[in-house]
Amino acid sequence: MNTVPEKPVLEGLEATWSARWAELGTYTFDRTKTRDQIYSIDTPPPTVSGSLHVGHVFSYTHTDLIARYQRMRGKEVFYPMGWDDNGLPTERRVQNFYGVRCDPSLPYDADFIPPEKPDAKRQIPISRRNFVELCNELVEEDEKVFEQLWRTLGLSVDWSQQYTTIGNASQVVSQRAFLRNVARGEAYQQDAPTLWDVTYQTAVAQAELEAREYPGAYHRVAFHGGDSPVIIETTRPELIAACVALIAHPDDERYQSLFGTTVTSPLYGVEVPVVAHTLADPEKGSGIVMSCTFGDLTDVQWWRELQLPNRTIIGRDGRVLRETPEWITADGVGRYEEIAGKTTFSAREAVVAALRETGDLDGEPTPTQRMANFYERGDKPLEIVSTRQWYITNGGRDADLRSKLVARGDEIDWVPAYMQSRLTNWIEGLNGDWLVSRQRFFGIPFPVWYRLDADGEPDYDDPILADEASLPVDPSSEVPPGFTESQRGEPGGFLADPDVLDTWATSSLTPQIICGWERDPDLFERTFPMDLRPQGHDIIRTWLFSSIVRAHLEHGVAPWTHAALSGFVVDPDRKKMSKSKGNVVVPDEILDKYGADAVRWRAAGARPGADSPFDEAQMKVGRRLAMKVLNASKFVLASEEAYGLGAGASDLDPSRVTEAIDLAMLSRLRLVVDEATARFEEYDYATALEVAEKFFWDFCDDYLELVKERSRRDDAAGQSARSAFVLALSVQLRLLAPFLPYVTEEVWSWWQEGSIHRSTWPVNDVDLATDRHDPALLSSAASVLADIRGAKSTAKVSQKTEISNLTISATKARLDLVRLAIGDVLAAGRVVAEPTYVADETVDGFAVEATPALVD
RNA sequence: GGGCGAAUAGCUCAGUUGGUUAGAGCAUCCGGUUUACACCCGGAAGGUCGGGGGUUCGAGUCCCUCUUCGCCCA
């Protein structure tokens, strides 16, 4: 018995059905299934400290479309959700939210309560443990809000499979993978020049760099030696004290005589060699440059290749070192003291003033815009300082590993295919290994201690590694085997590694975290390597690449078989949405306004990889489709007393479809099923939707109108129509179910058992096992009906006006075809006269003359 | 400077291996209270396929070149 509401509405479907799905465990993963029956998805954990915008809604919907399709195809879908709460974004949010900052030197205060009215400008210093506690508290709140949004959107996630990137399981996996890397020699420490953010006081990896325009000025500065001064141009005169050489191109004729000689730096009187290197650009400035410790990455390269000395003057706080370096000559000490302790900016002013005094500044500085490296979250240019850091091999220093990683990328099916070149280009452009240590607080600590010698100096060459069985470990509160807490920091004792792992060093292991690597070998075997990694194309170089690195090093495989890249949702001016631009569209509002199905419909229209402008007007179209599904279904399924057709599950009998046009309609639907299935198989959800949707509108506008009258008849022809209706409805609801999970589930519940989302994807020979008929019959009948409607429209009369005269001209073949359904055509067009048929082989399609009866 | 992508109706986009007169939705305009739906229905109008050159009987589609835009990397 059907239970069709009198007036079906979209409002409330999200609340009703998301609760039902949770209650019934509709999307709960059945782990008894074997690997070949399972489809596993490595869902991106969104950054919970940020806010979700409509771009997230689109890309997560894309994944859900695939998940729902695979589920209906009979796959058991493993679809967990994670939250990325690990790292700097959370630290910043906690600082602002509670008005605190972390000071690791402070002791833990168990009674600490954050201020009621936080003052971001006067942050209260708290211990690391207090700080981490606040981080944990806040992310928990954020995660609830995110989960609610995803549930409303209708993501078919198994909510019992949640993880966080700072959670226990992630800590264990991250530390274990790191220890394994160390054991295999893939992770190592090195004291080396490192890109350093002076604001956050942490090292930064290549993948986190962002090149930005930065205002500066060229200063022409004289070095002394030989006959005449040598003029160099530099944007960083404050580094003259750190100068180690002057460098020009080996072919530059101007400097041939200088190569092999030395010159003396202005102000500080330091003698430096003049050497040749091809990276010096003769076109730039005077062609000869000063190389310092370290002004930029080229300086690092020269330092390595030319064995130049290390003359660091910039400290980790971004200020000039207070102690005068030993290489500064006696005459230069006073000049050095003028800049000691100053920021690079103030030091530069002081140096320029000094150069003016000594006459070593040639002319006035020329303003310029130069490209400088920034940490993507920072706002000061990065400095390069020498520090001890942990690295993981990633092919940046190893051509063999590099080509193996490129080959892993080749093993993955990319959607869209051209995105693969972004990975390949990135790998081929790497210039160093992956720096994984960060000098931050909220993160996963290195499971490492160092022995202290008799003088209390750490021995970095022989680290004490935690035992895998003891993970997760916090070395700052736990002691290494064989030591006691009292030996911490004491000579002969030990010291914890103070750093935390780069967040990507953990995020790169999401497949291992969710599939239960070394925690649940049975689950791991059933889900890994995974089937799908969906993600944004902006993080190919970080998340996607680093995941491949880890899976390659640990398991010798690619972590997934498919990678699907979503584009961005951009504002109407095609600008990327971002908080700072103030063009972010908040998802709750549009979900509330148009409904989840409508928003999902719009998301499904954004093809993989393609950016999509946000246009609220488009949401209305999706809503209209959802509404149409309700109404058309109601018409077919409602009782005759409720002006419906009274059709139902008992009419689902292909053998009862006998009328030619009914068979033609179902034959065309077979093609739609084939097309939608083929497209979904290649992850082209957008075209799958397009073909199903197009059929549905034609079904409503043409077929339904043509057959309306006959389908109320109580004879075989009427039964044929009713059976065709329910067969077509059942198939169409299932074709639309991945896109419109709410409205299709609602309609399904009126007349079917169980959830449509656990029903099977349509199969022609099961669901549409009727006799075949040429689908052209339906389009021919629709074409004639359209002409009749057009005649009424041109005559500006109501569509219910009768037609008193109808002439149809077409080729004989077409006439024969349309006559098979002429009864339906005449009824739908309210034609009261016998039609006249004119066989004409020159007519293209149908030529119809229809005369509306005069209305008085 | 290098790589990738895009440019088709006012807007958002389809357009298979080259093949009649380039399609859809939205917006616009004109009509219609039709017993599934006014959150609706019917109809119409709207394009030099970014510019130029080439291959071909035939180019939105293939090749070259230029322009503009986006992303990534130097």
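Below, read A as the first sequence line, B as the second, and so on, with proteins coming before strands; counting in each chain starts at 1.
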Which pairs with one or both residues in residues 421-432 of chain A pass side-chain hydrogen bond (donor to acceptor under 3.5 Å, both in side chains), sequence neighbours excluded? A:R422-A:H537
For A:Q420, give me all partners under side chain to side chain donor-acceptor pair (under 3.5 Å), at least two apart in sequence or on another chain. A:D410
Distance between P atoms of B:A74 and B:G3 (Å, rounded): 15 Å
Answer with base, sugar-phosphate or nothing: what part of the nucleic acid does A:A786 contact at a heavy-atom distance below 4.0 Å? sugar-phosphate
With sequence neighbours left out, what residues match A:T744 under side chain to side chain donor-acceptor pair (under 3.5 Å)? none
Expressed in whole Å, how much space separates the C1' atoms belonging to B:A59 and B:U8? 14 Å
Parallel, tilted or perpendicular: which describes the rings of A:F699 and A:F696, with under 30° parallel and over 60° perpendicular? parallel
Where protein sits on nucleotides 27-36 of chain B, one letter per nucleotide: B base, S sugar-phosphate only, - none, heavy atoms under 4.0 Å: ---SSS-BBB
Which atom pairs, one a donor and one an acceptor, fall under 3.5 Å between side chains of residues 624-632 of chain A and the rest of the protein, sequence neighbours left out?
unit_1	atom_1	unit_2	atom_2	d
A:N631	ND2	A:M627	O	3.3

Of the candidate nucleotides B:C39, B:G43, B:U21, which contains the atom at the shortest distance from the side chain of A:R623? B:C39
On RNA chain B, more 5' by nearest nucleotide between A:L785 and A:D538 is A:L785
Can you name the salt bridge (Lys or Arg N to Asp or Glu O under 4.0 Å) partners of A:E213, sequence neighbours left out? none
C1'-based separation of B:A22 from B:C49 [nearest Å]: 8 Å
Pairs touching residues 595-642 of chain A that satisfy ring pair (Phe, Tyr, Trp, His ring centres under 6.0 Å), sequence neighbours left out: none
Rounding to an integer number of Å, can you tell me how far A:D702 CG sits from B:C41 P? 12 Å
Could you spell out the base pairing of RNA chain B in dot-bracket, with Watson-Crick or G-U pairs whose two distances are under 3.5 Å, [ ] crossing and | to another strand? (((((((..((((.....[...)))).(((((.......))))).....(((((..]....)))))))))))).
Residue pairs meeting salt bridge (charged side-chain N to carboxylate O under 4.0 Å, His left out), one or both in residues 782-808 of chain A, sequence neighbours left out, come to A:D702-A:R789
Of A:H537 and A:V621, whose closest RNA chain B nucleotide lies nearer the 5' terminus? A:V621
Set of side chain to side chain donor-acceptor pair (under 3.5 Å) partners for A:K620, sequence neighbours left out: none
Pick the C1' atom in B:G19 and in B:G58, then give their distance to the nearest Å. 7 Å
Expressed in whole Å, how much space separates the C1' atoms belonging to B:U61 and B:A14? 14 Å
Under-4.0 Å salt bridge between A:E675 and A:R679: yes
Is a donor from one side chain sitting under 3.5 angstrom from an acceptor on the other, for A:S720 and A:D662? yes
Need one value for A:W601: base, sugar-phosphate or nothing, where a base atom within 4.0 Å counts as base even if backbone is also close, heavy atoms only. nothing
C1'-based separation of B:C71 from B:C29 [nearest Å]: 40 Å
Would you measure the distance from the C1' atom in B:U16 across to the matching atom in B:C72 and give it in whole Å? 30 Å
Got a sec, which residues hit side chain to side chain donor-acceptor pair (under 3.5 Å) with A:Q752, two or more places apart in sequence or on another chain? none
Could you write out each protein N or O paired with an N or O of nucleotides 6-13 of chain B at a distance under 3.5 Å?
unit_1	atom_1	unit_2	atom_2	d
B:C13	OP2	A:R574	NH2	2.7

Suppose you measure atom C1' in B:A24 against the same atom in B:U68; what distance do you get, rounded to whole Å? 27 Å
